[in-house]
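Report on one structure; see the data block that follows.
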Amino acid sequence: MTTAISAGPGHEPGPAPAARGRVRRLLDRHWYAWAMVLPTVLVLGVLVLYPLFQGIFQSFTDLNETNNRDVICTKTLGGGEDCVDNPDRAQFVGLDNYVDLITGERGKFWLLFTNTIVWTTACVFFHYTIGLGLAVLLNRRFRGRSLYRVLLIVPWAVPAFVSAFAWKFLFNPRFGLINSVLVDLGMDPVDWFNHRWTAMFAAIVTNVWLGVPFMMVAILGGLQAIPSDLYEAAEMDGASPWQRFRNVTLPGLRPVSSTVILLGTIWTFNMFPIIYFVTGGEPAGETEILVTGAFRAAFEGLRNYSLAATYGVLILSLLVVYAAMYRRVLRSRGEVW
Amino acid sequence: MRRTLPVAGIAALALVLSACGGGDSESDDKKSPNEVDPASLSAELTWWDTSDPTNEAPAFKELIKKFNAEYPKVKINYQSVPFGEAQNKFKTAAEAGQGAPDILRAEVAWVPEFAAAGHLYALDGTPLLEDGDFLETPLSSNVYDGKTYGVPQVTDTLGLMYNKELFAKAGIEKAPTTWEEVKEDAALLKDKAGVDGIYVNSAGYFLLPFMYGEGGDLVDTESKTIEVASDENKAGIKVAQDLVTSGAAPKPDANDSYGTMMTLFKEGKVGMIINGPWEVANISNDPKFGGFDNLGIAPVPGGSAGAGAPVGGHNYVVYSGMDEAKADAATAFIQFMTSAESEAYLADELGLLPTNEGAYDLVKDNERVSAWKAALDVSVARPWIPEGGLFFAPLDEMATRVLVKDEDVSKVLDQTADKFKSDVVPDYDLP
């Protein structure tokens with residue numbers, strides 16, 4: 001703005017030349033910035049924006065595997081080709097997909113939605129609290145600290161599906177370690193995957209195991225950024241360890257926490273492999289979450305692209321609403337984000 | 001209705017052939033593999049095999065060697081693709097137009113689906129169909145909209161497999177032929193042998209014998225109606241549920257029920273299972289089981305309308321993106337693989353059931369094959385429609401709800417039928 005105003009006097013009055021001059025000036029002054037940004041803009045445009053708009057468009061059609069072609073051709077081996085116009089081509093159906101999903105006409109949107117909320121809330125809560133606890137622990141000086149740090153990061157280095165299979169086996173009702181421990185302790189074995197909430201519990205345990213290291217490392221970084229004189233001052237004032245934790249550590253961690261919780265929420269919301277491989281949606285689809293529902297629509301049986309796109313748009317909308325609310329809450333508490 | 005499927009296919013085929021005036025000159029070209037000198041036929045073909053890479057693949061590779069002895073210049077690129085991934089992998093590659101194999105071993109339900117999507121060559125008029133001597137039911141799974149898109153490689157069905165040693169211990173002399181007898185035998189197995197009677201896998205495919213046993217089916221392709229919630233099916237599924245609630249069968253696990261069933265059976269902890277010939281080698285090779293001699297194989301038990309088991313199996317199909325120039329080589333290869341000799345070889349090596357009528361004469365003495373003859377006699381073709389692959393997601397859910405969660409059969413089947421209407425075959429009517 002300032003440059004535009006200061007540029008004013010040297011030019012003829014009138015909006016068009018001024019604007020052109022402003023653009024040229026901006027380009028003159030910041031050409032390197034534009035040049036730097038250009039590849040990113042192009043890549044984002046091709047890889048993110050174009051598919052995004054295409055997906056939104058598809059969710060208003062009834063596109064699936066059988067009706068996506070204009071002509072259907074049948075080739076006979078060694079004997080030419082017959083082509084006919086596709087009698088039922090994909091059509092624009094307006095909001096039908098959304099109505100069907102939200103009213104439960106197709107799929108079980110509200111069940112998946114509830115599961116997703118429970119899954120995300122529980123996972124992020126345990127990720128954060130356990131990660132915080134471990135980070136505080138590892139931030140103290142003690143022997144073998146770096147070894148513990150390395151060991152605790154291991155789950156994060158293992159590919160998610162490998163952990164998922166390992167935990168699935170641990171939870172196996174007949175042959176798994178967990179039930180044999182329960183039996184040894186004199187308790188009844190649990191049919192983990194035969195009930196909605198025990199199956200969900202198994203998936204959440206797996207994901208907590210997987211996600212804690214990231215939180216731990218992020219928070220550990222945050223802890224090290226808190227100046228130690230704050231702790232000294234608090235100690236001089238006679239603050240107890242709990243008071244120091246509440247009044248120095250937690251406020252000091254706030255910038256890190258708000259970011260990792262937002263990220264963790266988005267990741268967990270869209271965490272596909274754990275649910276898919278650990279519970280497989282069992283029993284009877286009661287532990288599916290929105291992303292596994294979208295996957296099944298898109299890749300199982302006859303691929304229903306439009307329904308999967310509808311799921312995608314709904315997931316995106318939910319996350320956008322969440323992020324906006326989250327930002328507003330942070331802002332109301334005086335955080336800049 | 002099921003019987004009319006192949007007939008309808010042939011009638012439609014005749015129409016298509018008579019409609020295409022130019023067919024004659026083309027069919028002369030198609031005959032060429034028989035006339036071409038095998039030694040001069042040169043091409044490179046990729047084949048995706050979905051058979052088990054440790055148990056079954058070596059026999060297939062051996063066949064390729066034999067094929068190359070006859071056709072030295074046809075190079076077969078053998079690629080083992082896990083069965084569970086092949087369907088999606090093939091569709092993705094075919095849609096993208098690159099990376100798809102020339103020839104694929106496709107499960108029977110996939111063929112109409114791929115054909116409807118235009119991914120396959122129709123094989124009408126090629127020597128594959130003209131000279132083939134295929135069993136009618138397995139061949140019927142290749143017919144879509146009047147054309148034939150593949151030839152059967154192997155057929156299978158479900159049967160009752162039992163542990164002979166445990167049966168002897170329980171004093172049972174012959175395999176049960178009805179679900180009622182299964183229940184009685186299960187009680188004997190529990191009392192005298194101390195094992196569970198039968199493990200019922202909580203998956204839709206494995207509950208089809210219960211539906212067929214009462215005369216039920218999933219859809220009627222002729223009247224285009226959804227038959228899932230018919231009284232016959234409800235009665236059949238009640239029989240299955242009753243096996244679990246009465247204690248004849250342990251409650252199946254919702255997750256990995258199939259794996260649990262196999263482990264328990266191989267370890268001799270359950271007397272009977274319902275499964276197919278593809279597991280015979282696996283079971284008899286397990287050191288804990290006691291070899292093939294200990295394995296009893298019988299037709300699936302029947303309900304009030306007799307016994308019925310679904311037909312499964314695999315077909316050879318040719319990807320429509322394959323270069324036409326390779327047609328002769330592909331035909332020759334598939335013809336070789338489905339010849340009576342090759343199928344008899346596979347039956348001897350692996351116990352797979354041939355689809356070529358002539359092969360059965362060659363394997364008369366093979367116990368692993370003849371054991372399934374009776375089971376095959378009660379097999380029923382499934383409705384071969386492109387949506388066939390979609391049947392099983394709602395049915396699996398149904399199976400879990402009635403067997404694991406013990407929900408009301410009638411209510412669950414009504415909901416499954418609604419789901420068929422909304423998600424599987426929206427063009428069909430609910431009765």
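Being a predicted model, the structure only gives us computed values, none of them experimental. Proteins get letters first, then strands, A, B, ... in listed order; numbering begins at 1 in each.
- Side-chain contact between A/Trp267 and A/Val124 is absent, with no heavy atoms from C-beta onward closer than 4.5 Å.
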Donor-acceptor list for residues 43-58 of chain A side chains, cut-off 3.5 Å, not counting sequence neighbours:
none

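- With a threshold of 4.5 angstrom between heavy atoms, B/Phe391 does not approach chain A through any atom at all.
- With hydrogens and angles disregarded, no donor-acceptor distance shorter than 3.5 Å links the side chain of B/Glu387 to the backbone of B/Val425.
- Between the side chain of B/Ser257 and the main chain of B/Ser202, a donor-acceptor pair closer than 3.5 Å is present.
- Contacts between A/Pro173 and chain B at a heavy-atom distance below 4.5 Å involve the side chain alone, from C-beta outward.
- Residue A/Asn115 holds its CG atom at 4.0 Å from CE of A/Met200, rounded to the nearest 0.5 Å.
- Interface remark: B/Asp423 contributes side-chain atoms only to the contact with chain A (heavy atom separation under 4.5 Å).
- With respect to chain A, the highest number of heavy-atom pairs below 4.5 Å among B/Asn255, B/Asn88, B/Thr400, B/Val318 belongs to B/Asn255.
- Here the side chain of A/Tyr276 pairs no donor or acceptor atom with the backbone of A/Phe295 at under 3.5 angstrom.
- In this structure, the portion of B/Glu324 lying under 4.5 Å from any heavy atom of chain A is its side chain and not its backbone.
- Inspection of non-hydrogen atoms places no residue of residues 93-102 of chain A under 4.5 Å from chain B.
- The salt bridge (charged side-chain N to carboxylate O under 4.0 Å, His left out) pairs that include a residue from residues 273-288 of chain A are A/Glu286-B/Lys405, A/Glu288-A/Arg296, where partners are two or more places apart or lie in different chains.
- A distance of 4.5 Å separates CG of B/Leu207 from CD1 of B/Ile237, quoted to the nearest 0.5 Å.
- Within residues 107-116 of chain B, the residues having any heavy atom under 4.5 Å from a heavy atom of chain A are, by residue number, B/Glu113, B/Ala116.
- Under the 30°/60° scheme for interplanar angles, the aromatic rings of A/Phe171 and A/Phe201 are found to stand perpendicular.
- Taking A/Lys75, A/His195, A/Lys168 one by one and counting their heavy-atom pairs under 4.5 Å with chain B, the maximum is reached by A/Lys75.
- Heavy atoms closer than 4.5 Å to chain B are found in the side chain of A/Phe175, but not in its backbone.
- The aromatic rings of A/Phe272 and A/Phe277 sit perpendicular, their planes meeting at an angle over 60°, well past the 30° parallel limit.
- In terms of heavy-atom pairs under 4.5 angstrom with chain A, the leader among B/Thr260, B/Leu123, B/Asp256 is B/Thr260.
- Heavy-atom distances place no part of B/Lys421 under 4.5 Å from chain A, backbone and side chain included.
- One finds a salt bridge joining B/Asp253 and A/Arg174 here, because a Lys/Arg side-chain nitrogen approaches an Asp/Glu carboxylate oxygen to under 4.0 Å.
- At a cut-off of 3.5 Å, with distance as the only test, a side-chain donor of A/Trp192 or A/Asn179 sits close to an acceptor on the other residue.
- Note that the CZ atom of B/Phe90 and the CG atom of B/Leu104 stand 5.5 Å from one another [nearest 0.5 Å].
- Listed options B/His119, B/Glu95, B/Met398, B/Gln87 were ranked by heavy-atom pairs under 4.5 angstrom with chain A; first place goes to B/Glu95.
- Within the 3.5 Å criterion, the main-chain N or O of B/Val317 finds no donor-acceptor partner in the side chain of B/Asn315.
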